[in-house]
2 protein chains.
Amino acid sequence: MTFDQILVFHKIVELGSFKSAAAELNKTQPAISFSIKKLEEEMGVELFDRSLYRPTMTSHGRAFYERSSAIIISMKDLENLSKSFLQKEEPEIGFSLDGICLNPKLLKFVKSFSDRHPFTKLNLCIDTLSETERRVFSKECEIGMTHFIKEPQFLDVFPVDKVTMVPVMNKELLKEKKVKDQSDLLLIDQIVIGDKNPQGASFGLLEGGKKWRLLDNNFKKEIIFAGLGWGHLPLHNIEKELKEKKLVILEFEDIHPKDLQVNLIRHKKHQFGPVAKTLWDELIAFHQ
Amino acid sequence: MTFDQILVFHKIVELGSFKSAAAELNKTQPAISFSIKKLEEEMGVELFDRSLYRPTMTSHGRAFYERSSAIIISMKDLENLSKSFLQKEEPEIGFSLDGICLNPKLLKFVKSFSDRHPFTKLNLCIDTLSETERRVFSKECEIGMTHFIKEPQFLDVFPVDKVTMVPVMNKELLKEKKVKDQSDLLLIDQIVIGDKNPQGASFGLLEGGKKWRLLDNNFKKEIIFAGLGWGHLPLHNIEKELKEKKLVILEFEDIHPKDLQVNLIRHKKHQFGPVAKTLWDELIAFHQ
DNA sequence: AGTCATAATAAGTTTAATTTATCGTGTTCA
DNA sequence: TGAACACGATAAATTAAACTTATTATGACT
């Protein structure tokens, strides 16, 4: 059984005659007859009833038609994949996003981009601190979005956004501990993200204080909300809680809101495919 | 792109080498190399990385593999369909069941039979009165199950079951109308199923009474429950309601519970395929 | 270094698909 | 009703493809 035979069969059903199927498939009518004959021999039954003027599917033919439709569809999909390859589209690209840049609009854009490039698997990594830079440097990811850049000489860097990091703590905790100035903070746990890279710095670290180091971004917000300590969080993530006065902003000599520059980065020595290029361009356009 | 090429590709991935794939597919190694080369030419990319000793999928290869798996599965399905055809299995059979024979056990059996014959579409018709016989006679359905047989000379008839039809009415209605004997019933609507065949008789009809004729079995039970009239219902369908005394059985000269013989029927002059034969045999075994 | 295993390539062969030409049959329309 | 037309089956010839044998190159194993 050949895919070609199945295609011929479907074209006949679709167009209603051997001859028109032949024309559409750029073959002669006997070739069509022969294809169907071979198929019928292999199946051991007639698929078309020729006793009528127009060929009609037999009950066997109908059963075959139903079950072979899936193949036609899958095959079209594969041919689209082939076209995507011929256009040099990458089968897979990686995009590393620093957790502080996460916001619903951006995620919606990423989803839309992914949908518009169905043959490229978009691997999204939500990372912290040096991890995004490392992923881009090691070419695990084609594109990164982060504030943390240690070795810009190897990277294309394009500033796209600002994120305000605000040191906050739970209001109850503030009252309970009677925090008046920066030194009071030393007695309270600081919630920080630990960097996987041992040489990587942490952001906004208060020297001399106690620290809770989390391995990732997942629960930092919840832990600070719960009043287990203080820490920096992106302003756009906590606007609701600030308005409800559940959290208070800390303002001291070293500890106060700071704007972070967020950049798109990609490796200078990397050949990018059309999808990665488009993603880069669209990310820049998205932030203007 | 050929189905054969896809199969070759999958065999290589599965077995890890061109040579073993060749052996498994009863071809020589160059034939395998050639197939893959053609496929790669058409896709415009390399699917295997040959720089390592063992061929490894490239990222393009992995994308191709994922998207082509569906075709492998569909094709195996089609080949099973082909085997089913070669065993002369019917692509479709019809089974007409008189509504009075309906019960959960039988339906469960029919479901199980259908599952055990995935390549035969089992069309189940729930019919009434002469409809089952007509369907079998006209060869719309291979097998029927009914008490109603008018022209047994054309049919194989095999008795399998008895169904007790009991004339019942709502208890409230009985009290309200003070039904003491058969003549009292004439004043109450009789709920009967109308036969589609004009020559077909109805069952248990009380001459001279008022009648509600329903076109099918669907609401007869509900209508009698609701106290809109009296009528015959299969005992096995109303045991719960009799126990709860919501319905009462009518016992008069002509109107009283009657046992109906239920038979399997099939057309004498019909060539049956293996699935219809098996269904016939299993239905008989099921009722013993 | 030498042997074994794997895959690419080339040339020749076989098989399968396709075409041209022809025939019979059913349809259409004057 | 019969002539022109359309459709599909068949046969023979042609073309294209797939496959095989033989050979070479390269990595792996000892």
Side-chain angles (χ1 to χ4, degrees), chain A residues 1-58 60-62 64-65 68 71-72 75 78-79 82, chain B residues 1-58 60-62 64-65 68 71-72 75 78-79 82:
Chain A
M1 184 162 7
T2 314
F3 170 67
D4 207 60
Q5 289 167 348
I6 300 176
L7 187 64
V8 167
F9 180 85
H10 274 249
K11 269 278 174 281
I12 296 172
V13 172
E14 194 180 298
L15 301 173
S17 85
F18 282 40
K19 207 187 178 192
S20 50
E24 182 123 340
L25 295 167
N26 299 314
K27 297 183 181 182
T28 54
Q29 167 264 314
I32 301 298
S33 290
F34 187 71
S35 285
I36 296 300
K37 196 177 187 180
K38 285 291 299 293
L39 186 57
E40 286 178 327
E41 271 168 24
E42 189 178 340
M43 300 296 288
V45 291
E46 295 214 315
L47 298 172
F48 286 109
D49 178 8
R50 277 90 154 177
S51 70
L52 305 159
Y53 186 52
R54 294 279 179 178
T56 324
M57 278 191 277
T58 59
H60 289 98
R62 280 193 299 275
F64 183 83
Y65 183 79
S68 59
I71 293 188
I72 299 282
M75 207 55 142
L78 262 194
E79 264 148 27
S82 166
Chain B
M1 183 163 4
T2 315
F3 170 68
D4 208 59
Q5 290 168 347
I6 300 175
L7 188 63
V8 167
F9 179 86
H10 273 250
K11 270 277 172 283
I12 296 172
V13 172
E14 194 181 299
L15 301 173
S17 86
F18 283 40
K19 207 186 180 194
S20 50
E24 181 124 340
L25 295 167
N26 299 312
K27 297 183 181 181
T28 55
Q29 169 264 314
I32 301 299
S33 290
F34 186 71
S35 285
I36 296 300
K37 197 177 186 179
K38 285 292 300 291
L39 186 56
E40 287 178 327
E41 271 169 23
E42 190 179 340
M43 301 295 289
V45 291
E46 295 214 316
L47 298 173
F48 287 109
D49 178 7
R50 277 90 154 177
S51 69
L52 305 159
Y53 186 53
R54 295 278 178 180
T56 324
M57 277 191 278
T58 59
H60 289 98
R62 281 193 298 276
F64 183 83
Y65 184 78
S68 59
I71 293 188
I72 300 282
M75 208 56 143
L78 261 195
E79 263 148 27
S82 165

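Throughout, protein chains are lettered first and strands after them, A, B, ... in sequence-line order, and every chain is numbered starting at 1. In this text the structure is predicted, and so the values were computed from the model without any measurement. The analysis underlying the following values was restricted to heavy atoms, covering all of them including side chains, and did not include hydrogens, waters or symmetry mates.
For the 3.5 Å distance criterion, the side chains of A:T2 and A:D4 fail to qualify, holding no donor opposite an acceptor. When only modelled atom types and interatomic distance are considered, B:S33 and B:Q29 share a side-chain donor-acceptor pair under 3.5 Å.
Atom P of nucleotide D:dG27 and atom NZ of B:K19 are separated by 18 Å, given to the nearest angstrom. For B:M1 and D:dA17, the CE to C1' distance is 18 Å, given to the nearest whole Å. Per the geometry, CD belonging to B:E41 stands 13 Å off C1' belonging to C:dA8, to the nearest Å. For the pair B:K11 NZ and C:dT6 C1', the interatomic distance rounds to 19 Å; values are reported in whole Å.
Listed in residue order, the members of residues 43-51 of chain A having a heavy atom less than 4.0 Å from DNA chain C come to none.
Classification of B:K11 and B:E14 as a salt-bridged pair holds, one side-chain N sitting under 4.0 Å from a carboxylate O.
Using a 4.5 Å heavy-atom threshold, the side chains of A:K19 and A:T28 count as separate. By the 4.5 Å heavy-atom criterion applied to side chains, B:M1 and B:L39 are counted as neighbours.
In this pair, A:Y65 and A:F9 present their aromatic rings tilted. The plane angle is within the 30 to 60° band.
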Exercise for review: Indicate for each nucleotide in nucleotides 19-26 of chain D, in 5' to 3' sequence, whether protein heavy atoms under 4.0 Å reach the base (B), only the sugar-phosphate (S), or nothing (-).
Suggested key: SBBB----

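Between the side chain of A:S17 and the backbone N or O of A:L15 there is no donor-acceptor pair closer than 3.5 Å.
Ranked by how close their nearest DNA chain D nucleotide is to the 5' end, A:R54 and A:K37 are led by A:R54.
The one candidate from B:M57, B:E40, B:H60, B:K37 that meets the side-chain contact (heavy atoms from CB on, under 4.5 Å) condition with B:E46 is B:E40.
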